[in-house]
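Single-structure report; data block below.
Residue numbers start from 1 in every chain, and the chains themselves are labelled A, B, ... in the order their sequence lines are given, proteins ahead of strands.
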Amino acid sequence: MPSVAEILIPLALDSAYSYAVPAGLTLAVGDVVQIPLGPRETVGVVWGVRQSPGGSNLRPVTGRLDVPPLAGPLRELVDWLARYTLAPKGSALAMALRLPDEAAQGETVRIGVRASGRPPARPTAARLKVLGVAADGALRGKSALAKEAGVSLSVVDGLIDDGALEATALAPEPVALPPDPDHARVPLSEAQADAVRDLIAMMNPAPPPDDRPEPCLLNGAGQGEAPGLSAEGAHLAETHPIQERQAVAAAETHHKLTTGVGDETFRAPTILLEGVTGSGKTEVYFEAVADCVRRGRQALILMPEIALTAQFLDRFAERFGVRPATWHSGIGGKRRERIRAGVALGEIAVVVGARSALFLPFAHLGIVVVDEEHEAAYKQEDGVHYHARDMAVVRGRIENCPVVLASATPSIETRVNAERGRYRHIVLPERFGGRRLPDITALDMRSDKPERGSFIAPALVAAVRETVAAGDQALLFLNRRGYAPLTLCRACGHRYQCRNCSTWLVEHRFRKALVCHQCGYAERRPEACTECGTFDNLTPCGPGVERIAEEVTALFPDKRVIVLSSDFPGGAERLRAELQTVAEGGCDIVIGTQLVAKGHNFPHLTLVGVLDADIGLTSGDPRAAERTFQLLQQVTGRAGRGEKPGRALLQTFQPDHPVIAALLSGDAERFYEEEIAAREAAGLPPFGRLAALIVSAADRAVAEAHGQALARAAEPPEGVMVLGPAEAPLALVRGRYRFRLLVKTERSVDLQSYLRDWIARGPKVRGNVKVAIDVDPQSFL
DNA sequence: AGCACGCCGACT
DNA sequence: GTCGGCGTGCTC
């Protein structure tokens, strides 16, 4: 009987297509195949194979590709992702099957150089330095040589042209050398050692019989409403009975072999590793990773993209002897495929990566660590909308491997899950080495007013003066890029607004422009009001970091000041260099946006001044309080990581606001208690759920009209609230106008089917309108 | 995602 | 008259 393969294609298609399997080709579920699709050839993955009596008129599979097949657990993750996010299955598959683009192939060839023995024509000082380093005759990378000699790349290039250095193509950098779990033991504090012991005990089977955590599937879901794996399993059994069971059985056998345990009843837990800034969480989970590597299994460490720094990789290398394999959206071409293959064959033991690393085809995954678990960057906001932290928990459940969520300021969902016992909880209550957390005090802006036209309160100016006089570093934190967030005409009152989005245009004085921070629209800052024509009467309202820099430079003309924000002139490369400069103490006063709160350590910093602690508290986002607390806790925690204790001053109009009060008292527990109670009362996540219908169109009017029509078409069941387009801000995202109709539900509502119904019963989509669903939106705009 | 088909505007 | 813009629909 001829066999038919059900092939899932990584396109926005919700179901698999049937193809004939040509005689002589045997296909298994998970195989990656080439298939004809319309006029062209594409790749797809075998999602099922069946025998079909009717000799068919189906097109045949072209052939199997020589890449590792998609293993059962990963296929299960794809099915799960599609079901949970309501995305087409093919789109979910695309996450796991991003093969290198033919065009982007070709890894950048690295050039290795060594001394040729010929003397340079003109031996300058810089050239001699390079030749001194190269004298040993060893082959080095160009940039490595330049760095070692302390000169720029052009000197090395000059010497190559000159013939004093000879250049050869270097073998491509190995993707990763095997990490050594016993390379270096870093000294651990008593608290850290305890945490390591607990963590490793929880991760491995043979727990005391009554000490078993309740399995929980999804971080953000309310109790009992996460679609269970059992349900998903049943669904699979219906659609692909034999193949799936075989795959699962194979996976289980494999699991027994690699762990040598095979305790069927052991459910690997999700563990919240909570530790204040500077408590050494990283060292703790490194030990868990080491334990996992010793057992011959693989480890995945997820990080927010921004935190994937050389600094972190070096720390890893100190502990494990080599840098880990890294994975992020920028890795392309051949290297991408080599990492995928290495991971699938089990040759790569540890991957550190951004959210997309979650879909790598690990052969035997032993642990997933989600560092900075609370970071919003884990949310994918286009294409398939998913939260990498939640999917990590799901993948851990599927692979039956432990998941460690690490954070100094866990998200509310994760805290609640830990408190309810669905996650295990390990707390590192103290900073490493007995260092104190910074003292935080409020500057009440109602009484301690800055002078007219200035934004820094006198007490903060004094604190900065004291700090820099002592030779220490001060950070002034303001989460606002640009010069001023709003510009208005004093003659007619006109406020400059983005023509695309519902936002004010931000003045960027350095660029002499008014810029929309939503869509990037920019116009030259006009001399005269575009509305009434009055000259020289535009007023900047409120401060951005550029304006603070102006003030600081006037106050401290002889101090070195650096402004750090994501739009740093010169791009990410220069920004990295500047962060390095700051870390090395090459600057007295740093003025920065939220970027300084993340990832980098500044050992010379002893004072943090928060210029507007209230920003964000009134944004209307249901997660505003949580966000502000996390951000301010992180940024104030930057103070005093070195020898000296740190302190922080918060400029605020609301010292009694629960968020501010919790920061001031250093009582994070209080914040969590209050916020959790408030969320529960309001039916907000994790007790209820948020979802958004994203209505987008290339034409603004069409997007608005359709958004309104959909909002009218909503017939919310009891307990569901729909926020209409009046409240939904409009934004231009990648060339399309986009609305988010927000839906708030109580815990018992099946959100997925409600949203599906809503779209189905809504107005027939005409024009180029797309409606996407964001199951748990992390923000409004 | 590609690619064709088809419908409207502006140009050698 | 066509060239070409993009909106629409289909691919087992």
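- The list of salt bridge (Lys or Arg N to Asp or Glu O under 4.0 Å) pairs with a residue in residues 22-44 of chain A, not counting sequence neighbours, reads D31(A)-R64(A).
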Write out a two-atom table: protein N or O, nucleotide N or O from nucleotides 10-12 of chain C, distance below 3.5 Å.
from    : atom 1 : to     : atom 2 : distance (Å)
dT11(C) : O3'    : G38(A) : N      : 2.9
dC12(C) : OP1    : P36(A) : O      : 3.3
dC12(C) : OP1    : G38(A) : N      : 3.3
dC12(C) : OP2    : R59(A) : NH1    : 2.7
dC12(C) : O3'    : S18(A) : O      : 2.9
dC12(C) : O3'    : R59(A) : N      : 3.3
dC12(C) : O2     : S18(A) : N      : 2.7

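- Going from atom CD of E41(A) over to atom P of dC3(B) covers 13 Å, rounded to whole Å.
- Rounded to the nearest 0.5 Å, atoms CD1 (I773(A)) and CG (L693(A)) are 6.0 Å apart.
- Look at CE on M95(A): it is 11 Å from P on dA1(B), rounded to the nearest Å.
- A donor-acceptor pair is defined here as one N or O able to donate and one able to accept, closer than 3.5 Å; no such pair exists between the side chain of Q518(A) and the backbone of L732(A).
- Taking each heavy atom of L755(A) and A691(A) in turn, the nearest pair found is CD1-CB, 3.8 Å.
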Under 3.5 Å, which donor-acceptor pairs link side chains of residues 10-25 of chain A to any protein atom two or more places apart or in another chain?
from   : atom 1 : to     : atom 2 : distance (Å)
D14(A) : OD1    : K89(A) : N      : 3.0
S18(A) : OG     : E6(A)  : OE1    : 3.1
S18(A) : OG     : E6(A)  : OE2    : 3.3
Y19(A) : OH     : P36(A) : O      : 2.7

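- The distance from atom CD1 of I9(A) to atom C1' of dC3(B) is 15 Å, rounded to the nearest whole Å.
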